[in-house]
Amino acid sequence: MARLKNTAFSGAAMHEVEPGVASLRRVLKEAIEDTALIYDKVTGENSETNTIIHDGTAGRGCLLGIPMASQSIGRSLEVTTGTTGTIAIVPVPVFLAAGETAAVVEVFLDGEVNLLGSTGMRLVFRDTSWNIDADVGFDRAAPGHYAAAATGLTAGLNLMFVQYDVTEFRGGVFVGWRMHHARLRSDGGGDARRNSASDSTPNPYAITRTASVGMAHTDFDASLLADGYPYHGYLTALLNRNQNALDEYGSGWPVGGNATYTQADNSAGVADDVNPGVSQFFAHTRSYFSSEPLVDFPVCVVAMGSCGSDGAFSVNVAEPPTTGMTGWYAPWPLVITPSSATRVRFTLPDFPTGTSNLKAAILCCGNVSGDAEDWTGGVTTTAGSATDAFSAITGSSDGFYLSEPTAIPFTADAEQTIEITFSRSGASKAKVDEIALCGFCLYFEP
Amino acid sequence: MPSKIATSKPLTDAQARSQAEGSARVIMSLAGRTRHLWEMYTGTSAVSGEEPATAPNPQGLIGYDLSGPPWGSAPLHSTAYQVGMTPVASDWQAPGNAGQLVAGTLDLNNPLVIPIPYWCRPYEVLPNHESAYSRQYPTLRMYLSSATTADVTVRCCIDSRADPEALSDTFTVTGTTETTYTPACHFRPRPGPQMLFLDLSSDDASVTVTVASWSIAHRAKRTY
C-alpha cells in the first residue's frame, strides 16, 4: 500500500478553492496527504520522527511555558551581628524545558535589600560545570517585590542562586518567590467557543469511528486518487472525519463548537481525568500510541534554606547554630539514616509510568573534605523510590554537591506524597558540616 | 491576505458524502483545515515568511500549548506549594519548632494567613470559571498538638485577605498524626501574576493546629 502522506506541509492556494473554481483532485490529494502528515507528527505513528515535542522549534510544537516555582517561605532572613559574606537565600537546581532560554524570578521580602552593584541582590545562573550563564541584578517592581530576568540560558539542568552580601540587607521576612517565563497574551480575547455543559445534543461532526482510547484515523492509498477514479464521498467524508478527530484531539474541545464531544471518553465509561490510561486527547500519555511524543515538563523547584554563595554554611557549625542566618538555613542530617527530609503532596501529570521519565536534582552544600560524597540522595513516592549518590560540582571548590535520581516511580494523574531522602555509608558522620540540603527540583525529561 | 487558505470550520457527513451539493465550502473546509490544524499542532506558520493564519494562544504564541480548551487538554499538576520537613527533630538540624520546618500554626486566637506569590499559567478565560487552570484546590497536611479534634476554616483569597469573593470551607482536623486534608473550596486565579492568600482559622483555643505543608492544583483537564 502506498499510503498518501506529505513530507512537508502543502496546503491549497486561495484561488484553488474559491466558489466557481473546479474542485481539483490534486487539491483533495494534498489535503489528504497534509492530514496524514499531521496525524503522524502528533501520534508518532508510521515511524515519524519529526513529532510534536513542544520545544518551540519550527514544526515541533509551541512551548508549554509551565511555571517552574511558586513557593511560600515565611522565614526570617535576619542575620546575627558580625555575619559577613554573600548568602544565597534561594540556592536551587532548576530544570528548563527544551527550547526555553529565559526565565523571570520574583522574590517577595518584608524588608529592604540594596539592589545596586555587585553586592546587591543578584540572580545567578550556572550550568552544572559551574560556568556562569547569567548574572543579573534585581529591580524593585514594588515595595517588597523584586524581579530579575535572565536570558541566554541553556535548556536542561541549571543551578540558580538568589544572593546578596548580608551587609546590604536590613532585616525582614522571606515571604516567598516565584519563577516563570512571563509570557502572557495581551488582553484581546480569542476565538474561544462556548461549551454548554447542560446541552447534550449529539455532535453532528463525526469521526472515523469511536476508538476505545486515543484517536481513530483512516489511511488512504494512492490508488484511490489514480487517474480515472472518481472524486467521491469515501475520500471527502473520511478525510473530514480524520480532521474532525484531530480537531478534538488537539483542542480538547468538541469539534465545531458543539456541546458534546465526538471523541468521547473511553467506551467503558471511564473518564481520562481519573484514568490516564484511557486518554482521548493529545496529552503525551502513550495510553494508545506507543510512539507518541513525550515532552519536557518542570514539576517544582523548592528552596530549603540559605547557604553561602561558595557552599559554606550560612550559620555557624553547631547544633543548634547560634550565629548567621538562623531563621532560614539549609538543614542538615543529624544521623546517617534520617527520616525523609521533606514530605509534601504533589499532583503529577498523566505521563507514562512504565518507563518513568520523572527525575530529580538535589543540591547540597557541604565541607570541602569530600565527606558529602558518602551521602546518597533519593526521592520516594507512593509508587516507589530512586536514589543517586552525591557528587561534587566541578568548579564549585567542592562547596556544592548534586544528586540526580532518575526513573522515579510515580502515580500518573494523581496527588501523592513525595519525600526527599538521605542516607550515608559508614558508621557515622565524620563532621557536622558534611552536607546540608539547599534545595531540589523535580521534572520530566524524556 | 494569506497565500494558503485556512479555516477551522468542519463538515458533517451529509455535506461531504457522494452526491451532496458540490459546494465550494466542501473543498474550502477540507483544504483549509489542514493549515489550521498544522499551525495549531506545530506552533509554526504553515507558510514560511508569512504571518500565521491562527489566533495567538494565551501565552501570545501560536498553537496548542495544553493550557485547557480550546488550546488542548491541560495536564494535572501542582502549581504552588509550601514544603515542610518531616517532624523528627532528632534526625535533622533545621530552623523552626523542635528543629523542623512547618508552613505555620494556628489556634482560635491566632489565625494563619499564608501569602502565595503566584504566576497562574495563562489560560483562555471562560464563563463561570470553567477553564482548567481557573480553579486551584488546596491540599494540606495537618495535625494537632493533642489527641482531640478542631474545626478549621480555609478561605481562598486573591489579592487581599479581605477578598469578598473568597471561597471557603470548614472541616475537622483530628489527632496528632500528620494527615492529608482536601477542603472543598478553591482559588480562582486569573492568568498571570497575583498574590494568593491561604487564610486558615480554628474554633479551638486549647489546641494548636500545625500545617506541615500544602500545595494547590487544578482537578480538571478541560472544563468544569
Side-chain angles (χ1 to χ4, degrees), chain A residues 9 11-12 14 17 19 23 27 31 34 38 52 58-59 61-62 64-65 67 70 72 108 175-176 178 180 183-185 190-192 204-206 232-233 236-237 239-240 243-244 246 250-253 255-256 273 281 283 302 319 327 331-332 334 338-340 342-347 349 413, chain B residues 4-5 10-13 16-18 24 27-28 30-31 33-35 37-38 40-44 46 55-56 58-61 63-65 69-70 72-73 75-78 80 82-83 85-86 88 91-95 114-119 121-122 124 139 180 192 213 215 217 221-222:
Chain A
F9 178 80
M14 305 292 277
V17 298
S23 294
V27 174
D34 282 343
I38 295 169
I52 306 302
C62 177
L64 298 182
S70 179
S72 296
F108 294 80
V175 175
R178 63 190 180 206
H180 53 87
R183 289 190 293 266
L184 182 63
R185 185 184 69 204
D191 63 350
Y205 301 108
H232 54 71
T236 55
L239 171 60
N240 175 57
Q243 293 176 345
N244 288 344
L246 281 168
S251 69
W253 246 5
V255 63
D273 275 358
F281 298 91
V302 180
E319 295 170 347
W332 64 84
L334 296 171
S339 56
S340 56
T342 70
R343 186 162 61 232
V344 66
R345 300 281 292 182
F346 271 124
T347 298
D413 255 4
Chain B
K4 302 275 188 174
I5 188 169
L11 301 169
T12 64
D13 278 355
R17 70 182 184 195
S18 295
I27 196 63
M28 277 184 168
L30 295 175
R33 283 214 287 164
T34 60
R35 178 169 184 175
L37 290 169
W38 175 270
M40 295 303 283
Y41 275 108
T42 67
T44 310
Q59 292 185 74
L61 303 177
Y64 297 134
D65 64 354
S73 183
L76 298 183
H77 64 105
S78 297
Q82 185 164 11
V83 174
M85 290 198 71
T86 302
V88 181
D91 282 7
W92 285 88
Q93 182 60 59
I114 300 174
I116 308 171
Y118 195 66
W119 173 274
R121 191 173 175 221
E124 196 70 45
T139 296
T180 300
S213 64
S215 64
K221 295 181 180 180
R222 285 174 295 284

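Within every chain, numbering begins at 1; the chains are lettered A, B, ... in the order of the sequence lines, protein sequences first and strands thereafter.
Of the atoms belonging to Met40(B), not a single heavy atom falls under 4.5 Å from chain A. Proximity to chain A (any heavy atom under 4.5 Å) is restricted, for Ile114(B), to the side chain, taken from C-beta onward. In this structure, the portions of Thr12(B) lying under 4.5 Å from any heavy atom of chain A include both its backbone and its side chain. Residue Ala217(B) touches chain A through its side chain alone, counting heavy-atom pairs closer than 4.5 Å. The contact between Arg17(B) and chain A is made entirely by backbone atoms, counting heavy-atom distances below 4.5 Å. Contact annotation for Thr42(B): both backbone and side-chain heavy atoms come within less than 4.5 Å of a heavy atom of chain A.
Interface remark: of the candidates Asp65(B), Thr44(B), Ile27(B), Leu11(B), Leu11(B) forms the most heavy-atom pairs closer than 4.5 Å to chain A. No other option in Val17(A), Leu239(A), Leu334(A) has as many heavy-atom pairs under 4.5 Å with chain B as Leu334(A). When each of Gln82(B), His77(B), Arg33(B) is checked for heavy-atom pairs under 4.5 Å with chain A, Arg33(B) comes out on top. The choice from Gly63(B), Ser18(B), Ser78(B) that makes the most heavy-atom pairs within less than 4.5 Å of chain A is Ser78(B). Taking chain B as the reference chain and counting heavy-atom pairs below 4.5 Å, the highest number among Phe346(A), Phe9(A), Phe108(A) is found for Phe9(A). The greatest number of non-hydrogen atom pairs below 4.5 Å with chain B, out of Pro19(A), Gly11(A), Gly252(A), is found for Gly252(A). Between chain B and the residues Gly59(A), Ala283(A), Gly65(A), Ala206(A), the largest count of heavy-atom pairs under 4.5 Å involves Gly59(A). Note on Ala24(B), Pro115(B), Pro10(B): by heavy-atom pairs under 4.5 Å with chain A, the leading option is Pro10(B). Ranking Leu64(A), Val302(A), Val344(A), Ile52(A) against chain B, the residue ahead of the rest is Leu64(A), based on heavy-atom pairs under 4.5 Å. Your options are Gly250(A), Gly327(A), Pro331(A), Ser340(A), and the one with the most heavy-atom pairs under 4.5 Å with chain B is Gly250(A).
Looking only at distances, no side-chain donor or acceptor of Thr34(B) sits under 3.5 Å from a matching main-chain atom of Asp34(A). Using modelled atom types, no side-chain atom of Arg343(A) and backbone atom of Met85(B) make a donor-acceptor pair closer than 3.5 Å.
Between His180(A) and Trp119(B), the two ring planes are parallel [angle under 30°; tilted spans 30° to 60°].
Heavy-atom minimum distance, Gln243(A) versus Leu30(B): NE2-O, 2.9 Å. Residues Tyr64(B) and Gly72(B) approach most closely at CD2-N, 4.2 Å, considering heavy atoms. Pairing each heavy atom of Trp253(A) with each of Pro70(B), the nearest pair is CE3-CB, 3.7 Å. Of all non-hydrogen atoms in Gln59(B) and Arg183(A), the two that sit nearest each other are OE1-NE, 2.8 Å.
Between Lys221(B) and Asp413(A) there is a salt bridge, with a side-chain nitrogen of the basic residue lying less than 4.0 Å from a carboxylate oxygen of the acidic one.
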- Query: side-chain contact (heavy atoms from CB on, under 4.5 Å) between Thr236(A) and Asn240(A): does it pass, once the steps are laid out?
  - Reply: CA-CA 6 Å; Thr236(A) 55; Asn240(A) 175 57; over 6 Å; no

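Between the side chains of Arg178(A) and Ser70(A), no donor-acceptor pair of N or O atoms lies under 3.5 Å.
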